[in-house]
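My questions all concern the structure below.
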Protein chains: 2
Amino acid sequence: MNPAPRRSSLARGALFTELDGRTAEILLNAATQRHFASGATLFHQGDAPSQLFQISTGLVRLTRVNPEGEQTTLRFMGAGDLVGCVAVFRQVAFPATATAGKPTNVLCWGSVQILDLMSRHPAISVNALNTVGDRAREMVDRLAEMTDKGTEARVASVLLRLVGQVGRHGPKGLEITTPVTRKDVSEMTGVSYFTASRILGGWQRQGLVWLGRARIVVLDPERLAQVAG
Amino acid sequence: MNPAPRRSSLARGALFTELDGRTAEILLNAATQRHFASGATLFHQGDAPSQLFQISTGLVRLTRVNPEGEQTTLRFMGAGDLVGCVAVFRQVAFPATATAGKPTNVLCWGSVQILDLMSRHPAISVNALNTVGDRAREMVDRLAEMTDKGTEARVASVLLRLVGQVGRHGPKGLEITTPVTRKDVSEMTGVSYFTASRILGGWQRQGLVWLGRARIVVLDPERLAQVAG
DNA sequence: CGACTCGTTGAGACAACTCAATGGGTGTGG
DNA sequence: CCACACCCATTGAGTTGTCTCAACGAGTCG
């Protein structure tokens, strides 16, 4: 769409929060811009982390191959999110595969380069730490959900989290702005495909959600939050 | 046991890795030592994070209250581990309650103080980032386990993780060096108390583990790893 | 010796899973 | 432009694994 976005619009997102102008400038100059077509993969599970990505526009899907060899969706990430941060900072293999869910623009830094920048500019380190901390927190929450919530509550939580991460106000309600299939929902929930379909269908009948093909719109977030407990 | 441990033995653990002598000295001087009796609580879920803890000796249990108001075990932490790191660095409420599982000595820093130290000594930031990153990684792994492994495999994984975190070689095999009840195992696994008991009982009959009161010894880690998939 | 906590085992119920069949959208190629 | 293949979704029927509930055993502590 926009071949040459303004610099100011790029110097946003996780790594840039509360950075002073000069540091932001340095960080931005060190980055290269890349584009991924829908479906293209940013990196594969198991790869050595050579680059850190920050999403400018678009959407990334993180998947994992389970022991049976099937791809399962772990989470989605949208504008401003850091992709691959844990692996890069920690220098271990990527724990998941990242693919573009729609045409996606990213900023990226070589892992050596970003580590160097961080050691020279503590403010960047702080941002990195905050981001990773947030991720850890989310995972703890999700883990707790898995153990002490029933299936319905888990599906509701996943839906609400999706809305928060990649949702937008649309004409009908809170739309999830990316192709999300029942399969995706079921995998993120730890529920079978069919159960997810049945639960969502039930909610549609009650007017909680509107369902389309690979598309979910949340009509009544309050009631859904109630279901989530 | 040892009322005045040598400084060198204290300057170890997550926050001290690869620190040069002078920085380690500064970090250690800023810390205060505290002792917690078995069962004492370091902090409560929901508290504002005023202090960061690093375990010198002993053991800490992290628990969470679920919506029904019951305490459920999240994980254990042993010597060298940072407790409460995400909350302190991120300055959000503790997501869990920490209690000493046995008499425990810790180093602790005020949250303002440690944040200040980190901004002045990037090497400390790096250690913090690594620790938080490891935690995030573990949580992602656990989450994936929950969704794509069966109950037996999950119990096996939890056992192996416990052995790795708080295990020691003993006369019989790999002992888990802390009171771990069936309830703990079931909560960390997302399985009912009774199912956990039955699964463990079955393994005892097959010679995979030895079971005692609030005690589990892994006799055959290889076979257990096989069960874990 | 009680009282308490921790653990085991059995029997029954039910929720979620598996399997199978059907129906609509979407996109492609002749 | 229609036909076909493919993907996504729904629904039903049957099965099973896990949970629930209840009773009992055994170790530990005061």
Side-chain angles (χ1 to χ4, degrees), chain A residues 37-39 61 63 66 68 70-73 99 101-102 145-156 158-159 176 178-206 208-217 227 229, chain B residues 37-39 61 63 66 68 70-73 99 101-102 145-156 158-159 176 178-206 208-217 227 229:
Chain A
S38 184
R61 172 199 303 262
T63 60
N66 65 16
E68 286 84 44
E70 332 163 65
Q71 291 275 335
T72 61
T73 300
T99 56
K102 54 172 76 171
E145 270 172 19
M146 294 293 299
T147 71
D148 56 38
K149 281 186 181 177
T151 52
E152 286 226 334
R154 291 213 302 278
V155 176
V158 165
L159 244 51
I176 293 170
T178 178
V180 176
T181 66
R182 308 292 178 270
K183 183 164 174 287
D184 293 324
V185 173
S186 72
E187 286 161 3
M188 286 188 280
T189 316
V191 161
S192 85
Y193 180 90
F194 307 98
T195 304
S197 175
R198 275 186 249 266
I199 291 176
L200 289 172
W203 288 345
Q204 168 148 258
R205 258 166 258 133
Q206 295 170 42
L208 288 179
V209 298
W210 179 90
L211 300 174
R213 183 188 174 81
R215 183 172 202 126
I216 302 174
V217 180
V227 175
Chain B
S38 185
R61 173 198 302 260
T63 61
N66 64 19
E68 285 82 47
E70 335 163 62
Q71 290 275 337
T72 62
T73 300
T99 56
K102 54 172 73 170
E145 270 172 19
M146 294 292 299
T147 69
D148 56 39
K149 282 186 180 176
T151 52
E152 286 226 332
R154 291 214 302 277
V155 176
V158 165
L159 244 52
I176 293 170
T178 179
V180 177
T181 66
R182 306 292 178 271
K183 183 163 175 287
D184 294 323
V185 173
S186 71
E187 285 161 3
M188 285 188 279
T189 316
V191 161
S192 84
Y193 181 91
F194 308 98
T195 303
S197 175
R198 277 186 248 266
I199 291 176
L200 289 172
W203 288 346
Q204 169 148 257
R205 260 168 254 131
Q206 295 171 41
L208 289 180
V209 298
W210 180 91
L211 300 175
R213 185 187 174 80
R215 185 173 200 123
I216 302 174
V217 180
V227 174

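All chains are named by letter (A, B, ...) in the order of the sequence lines, taking the proteins before the strands, and each is independently numbered beginning at 1.
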Inset, instruction - Check whether any side-chain heavy atom of A/R182 lies under 4.5 Å from a side-chain heavy atom of A/I216, and answer yes or no. - result: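 A/R182 reaches A/I216 side chain to side chain.
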Inset, instruction - Have a look at B/R205 and say if it touches a base, only the backbone sugar-phosphate, or nothing, with a 4.0 Å heavy-atom cut-off. - result: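 Contact class for B/R205: sugar-phosphate only.
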Legend entry - Span of DNA chain D, from the first to the last nucleotide whose atoms fall under 4.0 Å of chain A heavy atoms: D/dC7 to D/dA13
Inset, instruction - Rounded to the nearest angstrom, tell me the gap between atom CZ in B/R215 and atom C1' in C/dT5. - result: 17 Å
Legend entry - Side chain proximity check, A/M146 to B/T147, heavy atoms < 4.5 angstrom: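 Yes, close enough: below the 4.5 Å cut-off.
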Inset, instruction - Find out whether B/V155 and B/V158 are in side-chain contact, i.e. whether some heavy atom of one side chain is under 4.5 Å from a heavy atom of the other. - result: no
Inset, instruction - Please state how far atom CZ in B/R198 lies from atom P in C/dA11, giving the value in whole angstrom units. - result: 11 Å
Inset, instruction - Ignoring hydrogens and angles, answer whether the base of C/dT5 and the side-chain atoms of B/R213 contain a donor-acceptor pair closer than 3.5 Å. - result: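 Such a pair exists between side chain and base.
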Inset, instruction - Find out whether A/L159 and A/L200 are in side-chain contact, i.e. whether some heavy atom of one side chain is under 4.5 Å from a heavy atom of the other. - result: yes
Inset, instruction - From the options B/T178, B/D184, B/T99, select the one residue that forms a side-chain hydrogen bond (donor to acceptor under 3.5 Å, both in side chains) with B/R61. - result: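 Answer to the side-chain hydrogen bond (donor to acceptor under 3.5 Å, both in side chains) test with B/R61 among B/T178, B/D184, B/T99: B/D184.
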Inset, instruction - Starting at atom CZ of A/F194, determine the distance to atom C1' of C/dG23, rounded to an integer number of angstrom. - result: 15 Å
Contacts under 3.5 Å, N or O only, protein and nucleotides 14-16 of chain C:
{"residue": "C/dA16", "atom": "OP1", "partner": "A/T151", "partner atom": "OG1", "Å": "2.8"}

